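Here's the structure, in structure tokens; my notes come after.
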Amino acid sequence: MQQLTELCTGYGPLVELWFDGAGSEGRTYAWDQIMAVIDEYQPQAMVFNMGRPTIRWVGNEDGLAADPCHYVVEETGVSIYDDGSTALEGVRYLPPECDVAIRRHWFWQPDDVHTLKSREHLLAIWYRSVGLGANLLLNVPPDRRGLIDPADRTRLLETTGELARRFADPVHAELTTESGEVIARFAIPVVLDHLELREDLGSGQRVRAHRVRADGRTLASGHTVGGRRLHAFAPVTVHELRVELTGEDAALSAVIGYSTGHASIPALEEQPAFMADKIDDQHLAG
């Protein structure tokens with residue numbers, strides 16, 4: 001408890017406190033005391049996974065969400081070593097966080113630079129986490145100097161640079177409602193190959209499904225919208241879009257178009273297997 005107090009008081013405001021369930025199987029923690037320290041010193045911090053969580057683990061370490069991507073759940077997975085779920089104390093609003101390492105290992109290793117994920121694979125992860133309404137935590141560990149490895153830094157700049165380029169020129173639509181549909185009208189006809197939908201989450205997650213049409217033709221469809229839902233499609237010139245929403249009191253807060261030069265999202269690339277190593281490590285530690 002002393003170490004937790006030092007952590008909460010020694011670093012200024014924290015964005016997130018991470019309680020990793022891996023290795024916690026069968027253990028008991030003094031969560032009332034732990035959360036009391038957090039409430040006193042870091043009341044605004046997000047709490048991941050255990051204790052009194054505000055965000056939950058997505059259920060894999062590949063950085064990937066799914067559609068639908070539920071924010072409200074009654075149970076959640078806790079550990080990569082356990083396929084089961086942990087029941088919560090009632091229904092909770094817990095948006096998922098997708099965690100993934102930039103290389104094969106979570107901690108820096110001098111001999112695994114060949115496992116550094118490519119720019120395209122990191123983009124593919126981003127589309128399948130942030131683009132599906134989830135949060136993304138990309139693990140980039142410091143090396144033995146306490147610095148970010150130059151190869152990792154370069155890859156991060158490549159990836160964020162491409163995201164900045166793709167989404168540099170957003171075109172916002174004016175939203176109205178007509179006959180139960182959201183009408184998204186742009187000021188002038190625009191050429192789009194990406195569309196971003198944002199749900200109005202003021203009363204919780206309400207959208208269970210959605211479909212976007214232009215001139216009677218379906219451009220995109222899916223389940224979750226959430227904080228941010230991205231769709232890619234072949235370039236099309238549109239002045240007005242119609243968005244059908246399924247779900248009681250479902251509403252959007254924004255519809256934003258982009259011309260990125262890409263008609264589809266990047267494909268996931270095959271990655272080195274690591275779960276077998278993790279399980280072996282756990283058995284050795286035991």
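Values in this document were obtained by computation on a predicted structure and should not be read as measured data. In what follows, residues are counted from 1 in the order of the sequence shown. FYI, side chains are in, hydrogens and waters are out, and symmetry mates aren't considered; it's all heavy atoms of this structure.
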Taking the side chain as every heavy atom from C-beta outward, state whether [X] and [Y] have any pair of such atoms under 4.5 Å apart.
X	Y	value
L230	W126	yes
P170	I256	yes
V47	F19	yes
N49	P53	no
Y29	M50	yes
V212	L195	yes
Y93	I55	no
T159	K117	no

Do N139 side-chain atoms and V100 backbone N/O form a donor-acceptor pair below 3.5 Å?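 Side chain of N139 to backbone of V100: no pair is present.
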
Is a side-chain N or O of D67 found less than 3.5 angstrom from the main chain of T224, in a donor-acceptor match?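 Yes; judged by distance alone, with no hydrogens or angles, the pair exists.
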
| field | Audit row: E196, R228, salt bridge (Lys or Arg N to Asp or Glu O under 4.0 Å) steps and yes/no | value | CA-CA 7 Å; E196 176 181 341; R228 187 179 196 181; 3.2 Å; yes

If you count every heavy atom of other residues, nucleotides or ligands that lies below 6.0 Å from R153 atom CZ, does the total exceed 12?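 At most 12 heavy atoms, drawn from other residues, nucleotides or ligands, come within 6.0 Å of this atom.
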
For a ring-ring contact (aromatic ring centres under 6.0 Å, His included) check, start with the C-alpha distance between H231 and H210, then their side-chain angles and the critical distance, and finish with the verdict. CA-CA 12 Å; H231 288 290; H210 65 278; 5.0 Å; yes

Under the criterion ring-ring contact (aromatic ring centres under 6.0 Å, His included), I'd like the reasoning laid out for H194 against F233: C-alpha separation, chi angles, the key distance, then a yes or no. CA-CA 6 Å; H194 274 55; F233 40 80; 7.3 Å; no

Among residues at least two apart in sequence or on other chains, which ones pass salt bridge (Lys or Arg N to Asp or Glu O under 4.0 Å) with E181?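 Residues passing salt bridge (Lys or Arg N to Asp or Glu O under 4.0 Å) with E181: R213, R242.
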
Start with the C-alpha gap between D112 and R103, add the side-chain angles, then the distance that decides, and say whether salt bridge (Lys or Arg N to Asp or Glu O under 4.0 Å) holds. CA-CA 7 Å; D112 71 347; R103 302 190 191 188; 2.8 Å; yes

Fill in: CA sep, side-chain torsions, deciding dist, call: E162, R119, salt bridge (Lys or Arg N to Asp or Glu O under 4.0 Å)
CA-CA 9 Å; E162 175 60 14; R119 187 195 76 165; 3.7 Å; yes

Worksheet item: How far apart are the C-alpha atoms of D215 and R217, what are their side-chain angles, what is the distance that settles it, and do they pass the salt bridge (Lys or Arg N to Asp or Glu O under 4.0 Å) test?
Response: CA-CA 6 Å; D215 297 324; R217 179 168 63 94; over 6 Å; no

- Task: Give me the other members of the hydrophobic cluster that L132 sits in, counting Ile, Leu, Val, Met, Phe, Trp and Tyr linked by side-chain heavy atoms under 4.5 Å, directly or via other members.
- Result: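 Members alongside L132: none; it stands by itself.
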
Legend entry - Criterion side chain to side chain contact (heavy atoms under 4.5 Å, CB included) against V207, the qualifying member of D200, L245, L201: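 Exactly one option meets the side chain to side chain contact (heavy atoms under 4.5 Å, CB included) with V207, and it is L245.
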
